[in-house]
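The structure appears right after this line, and notes come after that.
Atom set for the values below is all heavy atoms of this structure, side chains included, hydrogens, waters and symmetry mates excluded.
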Amino acid sequence: MTETPPLTPEALDDFLSKARAASGLLKALSHETRLLMLCMLCQGEKTVTEIEHFLGIQQAVVSQQLARLRSDKVVQTRREGRQIYYRIADPQLAELISVLYKMYCGPAPVMHGEAEALTEA
């Protein structure tokens, strides 16, 4: 484990600033619909219609939650004709969402003994 440097007043100010930013991001992620949308966006950019159809929720709800994510600078958009495509703004955030997806939504890992039992059955 690495040794942490002494906490100076300047370092504390920087630490507090970063903690506020992290707290804001976590608040944006703390809504289950927004988190589901971000899990979808980890797989690539999507339109409102694609998100709406996949999640089975109303377009107004999707738009409202995407607006919140945009205001928090969590997602970015690009326009192609009449379609607006949404994507995760920061690659590090996409990595974080990917880890959350693997932890909570991905298939449960098969333990060594379980794998043998499945192949014998």
Side-chain angles (χ1 to χ4, degrees):
M1 193 161 129
T2 61
E3 191 174 316
T4 39
L7 195 56
T8 64
E10 296 80 23
L12 180 59
D13 286 344
D14 184 51
F15 184 65
L16 287 171
S17 174
K18 290 177 180 176
R20 276 189 209 97
S23 177
L25 173 64
L26 292 172
K27 284 178 187 175
L29 300 181
S30 68
H31 190 278
E32 74 179 40
T33 301
R34 290 192 295 266
L35 194 52
L36 284 168
M37 291 176 181
L38 291 169
C39 284
M40 284 185 67
L41 294 175
C42 267
Q43 299 169 5
E45 60 183 17
K46 305 278 186 268
T47 64
V48 171
T49 304
E50 289 173 316
I51 296 169
E52 175 189 352
H53 287 271
F54 185 79
L55 296 179
I57 55 179
Q58 296 176 336
Q59 185 269 330
V61 175
V62 172
S63 294
Q64 178 184 28
Q65 297 303 333
L66 286 170
R68 165 71 192 267
L69 291 171
R70 277 179 53 188
S71 74
D72 289 338
K73 297 180 178 31
V74 173
V75 296
Q76 294 177 328
T77 62
R78 83 174 167 85
R79 181 177 288 275
E80 189 174 296
R82 292 177 39 193
Q83 293 290 330
I84 298 176
Y85 290 84
Y86 288 82
R87 67 183 176 282
I88 295 176
D90 182 350
Q92 287 183 318
L93 176 58
E95 190 175 323
L96 173 63
I97 298 297
S98 179
V99 169
L100 289 171
Y101 180 85
K102 287 174 191 169
M103 287 175 63
Y104 293 101
C105 304
V110 177
M111 304 308 254
H112 182 66
E114 293 175 19
E116 291 172 358
L118 290 174
T119 56
E120 292 173 2

_Residue list, side-chain contact (heavy atoms from CB on, under 4.5 Å) with E80, at least two apart or on another chain_ = R78, Y85

*Heavy-atom side-chain proximity of L41 to K46 below 4.5 angstrom*: yes

_Heavy-atom side-chain contact between V99 and M103 under 4.5 Å_ = yes

Atom pairs and distances, donor-acceptor, side-chain atoms in residues 16-33, under 3.5 Å, two or more places apart:
from : atom 1 : to  : atom 2 : distance (Å)
K18  : NZ     : D14 : OD2    : 3.2
S30  : OG     : K27 : O      : 2.8
H31  : ND1    : T33 : N      : 3.2

*Is there a side-chain contact between E52 and Q58, using heavy atoms and a 4.5 Å cut-off?*
no

*Do other residues, nucleotides or ligands put more than 12 heavy atoms under 6.0 Å from the CZ atom of R87?*
yes

*Any sub-3.5 Å donor-acceptor pair from S63's side-chain atoms to Q59's backbone N or O?*
yes

*Taking the side chain as C-beta and beyond, is there a heavy-atom pair between V48 and I84 under 4.5 Å?*
no

_Test your reading of the model: is there a side-chain donor-acceptor pair from D72 to the backbone of V74, 3.5 Å cut-off?_
no

*asked:* Under a 3.5 Å distance rule, please check whether E50 uses its side chain to pair with a backbone N or O of T47 as donor and acceptor.
replied: yes

*Any side-chain heavy-atom pair from F54 and M40 closer than 4.5 angstrom?*
yes

*Greater than 12 external heavy atoms within 6.0 Å of E95's CD*: no

*asked:* Within the 4.5 Å heavy-atom criterion, are V62 and T49 side-chain neighbours or not?
replied: no

*In Å and rounded to the nearest 0.5 Å, what is the CG to CG distance from L96 to D90?*
9.5 Å

*Are L69 and Y101 linked, directly or through other ILVMFWY residues, by side chains that come within less than 4.5 angstrom of each other?*
no

